[in-house]
2 protein chains.
Amino acid sequence: MTEKLPSKDMLALCDAMDILNGKWKIAIMCSLSQKKKRFKELQRDVGKVTGKMLSKELKELEMNELVNRYVLNTKPVTVEYELTSYGKTLEKVIMELVSWGLRHRKRILRKK
Amino acid sequence: MTEKLPSKDMLALCDAMDILNGKWKIAIMCSLSQKKKRFKELQRDVGKVTGKMLSKELKELEMNELVNRYVLNTKPVTVEYELTSYGKTLEKVIMELVSWGLRHRKRILRKK
DNA sequence: CTGTATCCACCTTGATACTG
DNA sequence: CAGTATCAAGGTGGATACAG
């Protein structure tokens with residue numbers, strides 16, 4: 001069993017990265033992991049993402065069945081987004097990233 | 001304690017993403033997590049990354065103290081890369097990504 | 001072998017204005 | 001509020017040639 005070049009792990013990793021690529025996808029999913037949110041809420045929560053990017057990345061997440069989109073019949077239209085059950089399978093990854101990021105911040109501050 | 005806009009988690013997440021952004025960084029670290037590798041080995045292992053990109057991303061990883069670079073005194077110069085102990089703190093995140101990717105692949109094949 | 005330098009096509013992102 | 005259209009700008013990444 002000689003380890004051949006593109007290992008299965010590497011391919012899997014690339015698959016995962018393809019789906020999560022984009023500047024805001026992880027942040028969006030992180031925000032949604034707490035609770036469902038409306039478009040504008042999401043925008044405020046994620047930070048300085050433009051409506052265009054938020055819209056685009058949400059659409060991609062929806063296509064990959066990581067996020068559900070619900071249009072509500074309100075006066076000015078309201079749209080809610082939430083993680084699908086499949087999207088929730090990524091929560092563990094995201095939480096690991098967050099906790100690493102928190103540790104990393106402390107480290108940075110120490111050295112600064 | 002009203003939850004204010006850019007939550008600490010979100011900031012931490014963005015910090016982490018900043019460091020890991022780039023098409024190949026995660027793949028590089030994944031490959032190095034198995035064992036230290038030379039430049040060319042790494043290139044073969046990661047897949048179809050060009051030397052330029054590999055070099056650039058390795059440099060960035062080095063700057064963030066995630067990877068160590070050793071130049072060996074061999075005839076044609078040899079360089080070895082390995083994860084720093086700090087870089088290893090990211091292994092958990094990477095493994096989660098890989099395992100998610102593996103599950104995701106199965107899911108895709110089923111639906112195809 | 002391990003890079004760096006240059007050129008360049010392409011894509012991503014942002015700003016802004018606009019629609020329903 | 002939610003989303004789209006358009007334009008501009010910068011970054012990304014590939015090919016190639018070359019240096020140490």
Side-chain angles (χ1 to χ4, degrees), chain A residues 5-6 10 13-29 31-32 35-64 66-83, chain B residues 5-6 10 13-15 17-32 35-64 66-83:
Chain A
L5 304 187
M10 193 60 70
L13 190 55
C14 291
D15 285 352
M17 298 307 287
D18 279 352
I19 286 175
L20 298 177
N21 78 355
K23 200 167 176 177
W24 309 102
K25 289 211 180 61
I26 307 257
I28 292 169
M29 295 195 61
S31 173
L32 286 180
K35 63 180 181 64
K36 74 170 73 151
K37 295 212 171 79
R38 288 177 302 108
F39 188 88
K40 208 64 181 181
E41 285 180 298
L42 211 37
Q43 187 168 10
R44 272 190 297 265
D45 202 39
V46 168
K48 36 191 292 319
V49 61
T50 60
K52 171 188 170 182
M53 291 312 298
L54 186 54
S55 173
K56 179 196 153 208
E57 306 225 319
L58 279 168
K59 209 178 295 176
E60 290 168 2
L61 289 173
E62 204 189 340
M63 278 175 17
N64 284 312
L66 295 173
V67 163
N68 275 143
R69 179 177 181 272
Y70 299 111
V71 181
L72 278 59
N73 257 356
T74 50
K75 183 61 180 317
V77 64
T78 301
V79 182
E80 283 186 345
Y81 293 91
E82 68 177 11
L83 292 191
Chain B
L5 304 187
M10 194 59 71
L13 190 54
C14 292
D15 285 351
M17 298 308 287
D18 278 351
I19 286 175
L20 299 178
N21 78 355
K23 201 168 178 178
W24 309 102
K25 289 213 180 61
I26 308 257
I28 291 169
M29 295 196 61
C30 179
S31 173
L32 286 180
K35 61 182 182 65
K36 73 171 72 153
K37 294 211 172 80
R38 286 179 303 109
F39 188 87
K40 207 65 180 182
E41 285 181 298
L42 211 38
Q43 186 168 11
R44 271 189 299 265
D45 202 40
V46 167
K48 35 192 292 319
V49 62
T50 60
K52 171 187 170 184
M53 291 313 298
L54 185 54
S55 173
K56 179 193 154 210
E57 305 225 320
L58 278 168
K59 208 177 297 177
E60 290 168 3
L61 289 173
E62 205 191 339
M63 279 177 15
N64 283 312
L66 296 172
V67 163
N68 274 145
R69 179 176 182 273
Y70 298 112
V71 181
L72 277 59
N73 257 358
T74 50
K75 183 60 180 321
V77 64
T78 302
V79 183
E80 282 186 346
Y81 293 91
E82 68 177 11
L83 293 190

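Worth saying up front: this structure is predicted, and the values here are computed from it rather than measured. Reminder, nothing fancy here: chain letters follow the sequence lines and each chain counts from 1.
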Stepwise, does the side chain to side chain contact (heavy atoms under 4.5 Å, CB included) test hold for A/F39 with A/L54? CA-CA 8 Å; A/F39 188 88; A/L54 186 54; 3.9 Å; yes
Quick one, B/L32 with B/L61, criterion side chain to side chain contact (heavy atoms under 4.5 Å, CB included). Give me CA distance, side-chain angles, the key distance, then yes/no. CA-CA 12 Å; B/L32 286 180; B/L61 289 173; 6.0 Å; no
Looking only at side-chain N and O atoms, does A/Y81 come under 4.0 Å of OP1 or OP2 in D/dG3? yes
So, applying side chain to side chain donor-acceptor pair (under 3.5 Å) with A/Y70, which one of A/K36, A/R38, A/E82 is it? A/E82
Contact class for A/K75 vs. all strands (heavy atom < 4.0 Å): base, sugar-phosphate, or nothing? nothing
Whole Å only: how far is the NZ atom of B/K37 from the C1' atom of C/dC1? 18 Å
Are any of B/S55's side-chain N or O atoms less than 4.0 Å away from OP1 or OP2 of C/dT4? yes
Would you mind reading off the distance between A/E60 atom CD and C/dT12 atom C1', rounded to a whole angstrom? 11 Å
May I ask you to say what A/V79 touches in the nucleic acid, namely base, sugar-phosphate or nothing, with a heavy-atom cut-off under 4.0 Å? sugar-phosphate
B/F39 side chain: which of D/dA2, C/dT13, C/dT2 is closest? C/dT2
Any side-chain N or O of B/K23 less than 4.0 Å from the OP1 or OP2 oxygen of D/dT12? no
Please confirm whether the shortest side-chain N or O distance from B/R44 to OP1 or OP2 of C/dC1 is below 4.0 Å. no
If the cut-off is 4.0 Å, is B/R69 near the phosphate of C/dT2, judged by side-chain N/O to OP1 or OP2? no
Length of the CG-P vector between B/L58 and C/dG3, whole Å: 8 Å
Using a 4.0 Å heavy-atom cut-off across all strands, classify A/K48 as base, sugar-phosphate, or nothing. nothing
Whole-Å distance separating the CD1 atom of A/I28 from the P atom of D/dA2: 14 Å
Using a 4.0 Å heavy-atom cut-off across all strands, classify A/E41 as base, sugar-phosphate, or nothing. nothing
Residue-phosphate contact under 4.0 Å: A/K59 side-chain N/O, D/dT4 OP1/OP2: yes
Between B/E60 and the options B/K23, B/K25, B/R69, the salt bridge (Lys or Arg N to Asp or Glu O under 4.0 Å) test singles out B/K25
Close side-chain approach of B/L72 and B/V77, heavy atoms under 4.5 Å: no
Separation of C/dC11 C1' from A/E57 CD (nearest whole Å): 13 Å
Between D/dG3, C/dT13, C/dT2, spot the one nearest the side chain of B/R38, thanks. C/dT2
Atom CE of A/M53 and atom P of C/dA15 are separated, to the nearest Å, by 12 Å
Quickly work out the B/W24 CH2 to D/dT12 C1' distance and round it to whole Å. 12 Å
Measure the distance from CD on A/Q43 to P on D/dC1 and round it to the nearest whole Å. 10 Å
Result for 5'-nearest mapping on DNA chain D, choosing between B/V77 and A/E80, is A/E80
Criterion side chain to side chain contact (heavy atoms under 4.5 Å, CB included) on A/K56 and A/K59, from CA distance to verdict: CA-CA 5 Å; A/K56 179 196 153 208; A/K59 209 178 295 176; 5.7 Å; no
